[in-house]
Student: 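My questions all concern the structure below.
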Amino acid sequence: MLRTAILIALGAFTFGLGSNALSIAQSTSNFEKRNFNYNEWTKGKFSEVVTVTNPGKFIFLAGIGPEREGDGKIVHEGNFMEQCRYAYMKIKKLLDAQAATMNDVVRIMTYTTDVRFFQDALKCRAEAFGSAPIPASTFLVVSQLAWPNMAIEVDVTAMLAK
């Protein structure tokens, strides 16, 4: 009985060391994020594919919109571009709190309440990303967002090496 207990303990200890060695090997792998465009018309508009090899940290920002920091009141009612700029200002601030930038964003989903905002949304997004690559992106038109008078909401996924 004692011999069985010792063998089980030794096996568990060995398994633990093996698992730890695997974790160490994975953490020393090189992080890589790459953006791809296979069709000419997509270049500068969005990345058709973003690949991430050996990510260390996933960052998910959920539904960032024109809710004012502090009290949640909707700002810039009736002005899509200012609501969009405000949302991206908050996105940059939240990414910064996680030691990330727009360069680390791999996917965004933009929700609006009117398809006529499409071109303005592209312009606003381009302003926000500057020289950073435009990530894989989806644009959706919905009947209403979380709060009345919201015209835009953006979900963001970013990845860091550590």
Side-chain angles (χ1 to χ4, degrees), residues 22-23 25-162:
L22 178 61
S23 296
Q26 288 177 348
S27 68
T28 60
S29 300
N30 293 332
F31 172 86
E32 180 183 58
K33 176 178 116 21
R34 295 184 63 195
N35 295 62
F36 297 92
N37 288 81
Y38 297 100
N39 291 285
E40 282 300 315
W41 73 269
T42 65
K43 292 181 180 172
K45 293 178 179 67
F46 62 93
S47 296
E48 291 179 272
V49 177
V50 177
T51 61
V52 178
T53 305
N54 302 313
K57 181 178 182 178
F58 288 77
I59 303 166
F60 300 94
L61 305 185
I64 308 302
E67 305 95 340
R68 183 169 52 210
E69 296 171 299
D71 65 5
K73 181 185 181 313
I74 303 303
V75 298
H76 308 293
E77 287 183 25
N79 187 328
F80 177 82
M81 283 300 286
E82 289 307 311
Q83 284 195 7
C84 186
R85 287 181 180 120
Y86 190 82
Y88 275 106
M89 177 275 300
K90 289 171 40 182
I91 288 166
K92 289 178 181 182
K93 189 174 181 179
L94 292 167
L95 288 171
D96 185 59
Q98 295 295 318
T101 69
M102 298 302 271
N103 280 306
D104 302 308
V105 175
V106 296
R107 176 144 176 76
I108 62 172
M109 291 187 65
T110 304
Y111 301 87
T112 67
T113 55
D114 193 324
V115 73
R116 292 175 290 186
F117 297 144
F118 180 65
Q119 292 301 323
D120 285 341
L122 293 178
K123 179 181 175 189
C124 178
R125 184 187 65 188
E127 288 175 9
F129 275 87
S131 63
I134 302 294
S137 306
T138 301
F139 181 86
L140 298 167
V141 179
V142 297
S143 61
Q144 186 173 339
L145 293 166
W147 303 105
N149 301 311
M150 284 180 73
I152 186 167
E153 196 168 338
V154 184
D155 287 347
V156 176
T157 304
M159 293 184 185
L160 294 175
K162 295 184 183 200

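If you're wondering where the values come from, they're calculated on a predicted model, not measured in any experiment.
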Student: Out of curiosity, L61 CG to L95 CG, how far, rounded to the nearest 0.5 Å?
Tutor: 5.0 Å

Student: Closer than 4.0 angstrom, basic N to acidic O: yes or no for D71 and K73?
Tutor: no

Student: If you measure from OG1 on T42 to CD on E48, what distance do you get to the nearest 0.5 Å?
Tutor: 3.5 Å

Student: Can you find a pair of side-chain heavy atoms, one from E82 and one from V75, that are under 4.5 Å apart?
Tutor: no

Student: Look at the rings of F117 and F80 and say which category their plane angle falls in: under 30° parallel, 30 to 60° tilted, over 60° perpendicular.
Tutor: parallel

Student: Taking side chain as C-beta onward, heavy atoms only, is T138 less than 4.5 Å from R107?
Tutor: yes

Student: Only one of V141, I152, D155 passes side-chain contact (heavy atoms from CB on, under 4.5 Å) with Y111; say which it is.
Tutor: D155

Student: Look at E69 together with K90 and state whether they make a salt bridge at an N to O cut-off of under 4.0 Å.
Tutor: no

Student: For residues M159 and F31, report the shortest heavy-atom separation together with the two atoms involved.
Tutor: O-CZ, 3.8 Å

Student: Side-chain contact test, heavy atoms from C-beta onward, threshold under 4.5 Å: evaluate it for K123 versus E127 and give yes or no.
Tutor: yes

Student: Under 6.0 Å from the NZ atom of K93, do we count more than 12 heavy atoms belonging to anything else shown?
Tutor: no

Student: Counting C-beta onward and ignoring hydrogens, is there a side-chain heavy-atom pair between N30 and T53 closer than 4.5 Å?
Tutor: no

Student: Of all heavy-atom pairs between Q83 and P66, which one has the smallest distance, and what is that distance?
Tutor: OE1-CG, 3.3 Å

Student: Give, for atom CZ of F36 and atom NZ of K43, the distance between the pair rounded to the nearest 0.5 Å.
Tutor: 12.5 Å

Student: I would like to know whether T113 and M150 meet side chain to side chain contact (heavy atoms under 4.5 Å, CB included); could you show each step before the answer?
Tutor: CA-CA 8 Å; T113 55; M150 284 180 73; over 6 Å; no

Student: Check whether any side-chain N or O of T112 sits under 3.5 Å from a backbone N or O of A151 as a donor-acceptor pair, and report yes or no.
Tutor: no

Student: Which distance, rounded to the nearest 0.5 Å, do you find between the SG of C84 and the CG of L122?
Tutor: 9.5 Å

Student: Hey, what do you get for CG (D120) to CG (D114), rounding to the nearest 0.5 Å?
Tutor: 10.5 Å

Student: List in chain and number order the residues that pass side-chain contact (heavy atoms from CB on, under 4.5 Å) with D104, two or more places apart in sequence or in another chain; answer none if no residue qualifies.
Tutor: A100, T101, A158, L160

Student: Are the side chains of N103 and P133 in contact, using a 4.5 Å heavy-atom criterion?
Tutor: yes

Student: Evaluate E67 against I74 for side chain to side chain contact (heavy atoms under 4.5 Å, CB included), listing each step before the verdict.
Tutor: CA-CA 5 Å; E67 305 95 340; I74 303 303; 3.9 Å; yes

Student: R125 versus I108: any side-chain heavy-atom pair under 4.5 Å?
Tutor: yes

Student: Rounded at 0.5 Å granularity, tell me how far NE2 in H76 sits from OH in Y86.
Tutor: 7.5 Å

Student: Give the minimum heavy-atom separation between N35 and S47, together with the two atoms involved.
Tutor: ND2-OG, 2.9 Å

Student: Is there a side-chain contact between M109 and T157, using heavy atoms and a 4.5 Å cut-off?
Tutor: no

Student: Check whether any side-chain heavy atom of I64 lies under 4.5 Å from a side-chain heavy atom of E153, and answer yes or no.
Tutor: no

